[in-house]
Amino acid sequence: MSQWPPIAEIAAQVKAKKLSAVDMVKQALKTIAEKSEYQAIISTLPDQALARAKAIDSSTDGGRLAGVPFIAKDNFLVYGPDTTAASNILKGFKAPYQATVIEKLESEGAICVAKANLDAFAHGASTENSDFFTTKNPHDKTRVPGGSSGGSAAAVILDMVPFALGTDTGGSTRQPASFVGCVGYKPTYGLMSRSGIVAMASSTDTVGTLAKSVEDAALVIDVMAGKDHLDATTIDREPDGYDISCQLDQGLRGKKFAVIKEYMGEGLASEVREVIDGVVKKLESAGAQVSEISLPSSPLSLAVYYIICPAEVSSNLSRYDGQRYGYSDESAKDLQESYDLSRGHGFGKENKRRIMIGTYVLSSGYYDAYYKKAQTVRTKLINEFNSAFESYDFLVGPVAPTTAFKIGANAADPLSMYLSDVMTVAANLVGIPAISIPAGKAGDLPVGVQLMARQRADRDLLGVSRSLEGILK
Ligand code: GLN
């Protein structure tokens with residue numbers, strides 16, 4: 001049982017003065033302290049959070065998220081503690097402004113209480129690439145919580161806060177949600193501003209929401225979504241917004257789902273397959289039509305992602321030169337040496353691997369063979385998904401090929417780590433919304449089911465996800 005009521009209820013009670021925002025923040029900070037052994041958290045903001053809570057308690061209208069504590073992945077700019085992205089190179093870096101989505105959440109009364117652990121710069125699928133420590137899975141401390149938003153996902157299941165923010169560039173919100181058993185939402189590309197979030201791969205970066213229920217996630221998404229003049233790639237909100245709490249449950253009857261054939265093949269662990277097969281049966285009993293579809297280019301999405309993502313990473317990480325942000329090596333004798341030593345000591349192995357792959361695929365001799373070809377296949381993938389959505393409302397399948405793996409199991413082999421993303425990266429390359437919903441367990445470990453919808457169909461996806469969540473409970 002969660003110690004947190006639904007988010008809308010917390011806000012209503014805080015506004016009615018039946019609950020106090022100060023108590024909510026104290027409760028969150030107490031739980032964070034009690035569960036420190038899971039190493040989900042990089043820093044806390046007690047003074048700031050309590051000051052904000054006091055102001056909300058003495059105001060007449062605290063907002064739609066009045067007094068609701070939350071945790072942000074440590075790649076969101078938030079005033080107060082360092083924003084590190086779990087990288088040594090950003091140690092000592094203070095946010096000069098806040099991420100747009102943080103501003104929006106705060107303007108509705110939400111209170112950031114802590115910053116969560118991640119793979120450094122969000123490069124990874126387990127939090128083992130954090131330069132600081134590895135977060136433990138709340139269900140089994142010998143296993144990873146997934147990544148890169150593993151700290152945020154674990155924080156939600158450890159009941160530290162009612163919701164947490166992650167980012168999803170290639171699956172980093174959905175895969176940890178599946179590994180720990182919470183809801184993880186990746187919006188349509190551009191639905192939320194990326195301003196003030198440490199950039200990874202700009203053409204696939206999105207803001208992820210991690211929560212206990214679809215309805216909680218939808219309310220938070222509704223507060224964050226919409227155009228922002230600080231991010232030219234943002235899109236308009238849907239007129240009805242994304243808060244589905246007042247919308248009647250439209251059920252699943254008559255909705256058209258398709259299982260992606262390529263995701264159910266070789267490489268999928270049998271215990272995950274069983275859970276997904278079970279979801280399909282339940283969808284059918286609820287009156288949904290479920291077919292199978294082949295998306296022939298989907299097996300190529302991993303290769304495409306691991307060309308385009310490092311290409312964009314290599315460009316985005318070039319700004320960390322030891323002069324402008326965070327760490328600067330003091331022993332350097334001149335500027336060139338300062339670049340070399342600061343980047344050499346500041347970046348971790350995986351960051352360096354991506355910088356090298358990225359600069360390689362963008363270099364004049366290899367651009368056509370790798371980067372350009374990857375963009376061509378990306379377009380093919382977009383066309384295949386778009387044509388699937390002409391016949392089906394939603395695509396359904398696993399989130400990841402396995403349940404949470406053991407700490408250390410994939411850490412030494414980057415390729416086996418990358419395989420954890422094989423079912424999530426397509427949604428990022430195509431720019432469509434996707435969600436992971438808790439679907440069952442394999443032994444003691446949670447398994448999520450993934451739903452995807454056409455671009456900008458976020459409201460429909462949230463609505464159908466709530467219906468599905470209802471029959472999976
Ligand atoms: N695991 C993927 C990667 O390492 C996804 C990362 C992400 O979404 N931030 O690139």
Side-chain angles (χ1 to χ4, degrees), residues 2-84 86 91-118 132 135 151-152 154-166 196-197 209-212 216 219-220 223-224:
S2 172
Q3 63 177 333
W4 304 104
I7 291 178
E9 206 175 304
I10 301 177
Q13 303 234 14
V14 167
K15 278 197 272 192
K17 311 292 173 203
K18 289 187 187 138
L19 280 178
S20 103
V22 167
D23 287 345
M24 296 297 97
V25 167
K26 285 187 177 156
Q27 191 173 323
L29 292 168
K30 182 168 168 270
T31 314
I32 289 170
E34 282 167 2
K35 310 230 169 122
S36 61
E37 82 227 64
Y38 292 91
Q39 297 190 288
I41 301 302
I42 291 179
S43 55
T44 52
L45 301 59
D47 298 345
Q48 219 168 300
L50 285 167
R52 282 185 51 74
K54 275 189 197 128
I56 287 166
D57 281 338
S58 54
S59 78
T60 45
D61 180 16
R64 297 169 67 202
L65 300 175
V68 178
F70 73 97
I71 289 173
K73 188 175 180 180
D74 202 19
N75 56 355
F76 284 78
L77 297 194
V78 176
Y79 292 140
D82 293 353
T83 298
T84 66
K91 267 191 184 158
F93 173 68
K94 300 268 182 225
Y97 60 94
Q98 295 204 111
T100 296
V101 292
I102 300 287
E103 291 286 341
K104 285 190 170 188
L105 292 170
E106 286 190 345
S107 73
E108 289 293 346
I111 305 172
C112 183
V113 294
K115 305 290 296 291
N117 194 30
L118 62 150
F132 308 152
T135 301
S152 302
V156 168
I157 289 304
L158 292 167
D159 224 17
M160 293 172 172
V161 279
F163 78 94
L165 295 185
I197 301 167
T209 305
L210 296 136
K212 288 261 172 53
D216 276 358
L219 173 56
V220 173
V223 170
M224 295 192 293

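These figures come from a predicted structure and were not determined experimentally.
Residue Pro162 is tested with Leu65, Ile7, Val220 for a side-chain contact (heavy atoms from CB on, under 4.5 Å); the sole match is Ile7.
Counting heavy atoms from C-beta outward, Leu77 and Phe93 have side chains that approach closer than 4.5 Å. Between Lys212 and Val156, the closest side-chain pair of non-hydrogen atoms falls below 4.5 Å. Taking the side chain as every heavy atom from C-beta outward, Met24 and Ile111 never approach each other to under 4.5 Å. Two residues are said to be in side-chain contact when any heavy atoms from C-beta on lie closer than 4.5 Å; Ile102 and Leu165 meet this criterion. Between Val22 and Leu50, some side-chain heavy-atom pair lies under the 4.5 Å cut-off.
Remark: Gln39 CD to Glu37 CD distance equals 9.5 Å, nearest 0.5 Å. Summarising the geometry, atom CD1 belonging to Ile32 is positioned 15.0 Å from atom OH belonging to Tyr38; distances are rounded to the nearest 0.5 Å. Taken to the nearest 0.5 Å, the CG atom of Asp82 stands 9.0 Å off from the NZ atom of Lys115. Of the inter-residue distances, the one linking Thr135 atom OG1 with Leu118 atom CG reads 8.5 Å to the nearest 0.5 angstrom. Rounded to the nearest 0.5 angstrom, Cys112 SG and Gln48 CD are separated by 8.0 Å. Rounded to the nearest 0.5 angstrom, Ile10 CD1 and Asp216 CG are separated by 7.5 Å.
In this structure, a donor-acceptor pair under 3.5 Å is absent between the side chains of Asp159 and Thr31.
Pairing each heavy atom of Pro81 with each of Lys94, the nearest pair is C-NZ, 3.8 Å. Taking every heavy atom of both residues into account, Ala86 and Ile42 meet most closely at CB-CD1, 4.0 Å. Considering all non-hydrogen atoms of both residues, Ser152 and Ala72 come closest at OG-C, 4.5 Å. Considering all non-hydrogen atoms of both residues, Trp4 and Met160 come closest at CZ2-O, 3.4 Å. The shortest non-hydrogen separation linking Ile56 to Ala21 is CG2-CB, 4.1 Å. Listed here is the closest heavy atom pair of Tyr79 and Leu45: O-CD2, 3.9 Å.
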Check the pair Thr44 / Val113 against side chain to side chain contact (heavy atoms under 4.5 Å, CB included), numbers first and verdict last. CA-CA 6 Å; Thr44 52; Val113 294; over 6 Å; no
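Between the side chain of Lys17 and the main chain of Asp57, a donor-acceptor pair closer than 3.5 Å is present. The backbone N or O of Val223 sits nowhere less than 3.5 Å from a side-chain atom of Glu108 that would complete a donor-acceptor pair. In terms of modelled atom types and a separation under 3.5 Å, the side chain of Asp74 and the main chain of Asn117 share no donor-acceptor contact.
Applying the ring pair (Phe, Tyr, Trp, His ring centres under 6.0 Å) rule to pairs touching residues 45-76 yields Phe70-Phe163, sequence neighbours excluded.
Residue Lys35 places its NZ atom among more than 12 non-hydrogen atoms of other residues, nucleotides or ligands, all under 6.0 Å distant. The environment of Lys18 atom NZ is sparse: at most 12 non-hydrogen atoms of other residues, nucleotides or ligands sit within 6.0 angstrom.
Applying the side chain to side chain donor-acceptor pair (under 3.5 Å) rule to Lys54 yields no partners; only residues at least two apart in sequence or on another chain are considered. In this structure, the side chain to side chain contact (heavy atoms under 4.5 Å, CB included) partners of Glu9, at least two apart in sequence or on a different chain, are Pro5, Pro6, Gln13.
Under the 4.0 Å criterion applied to side-chain N and carboxylate O atoms, Lys30 and Glu34 are assigned as salt-bridge partners.
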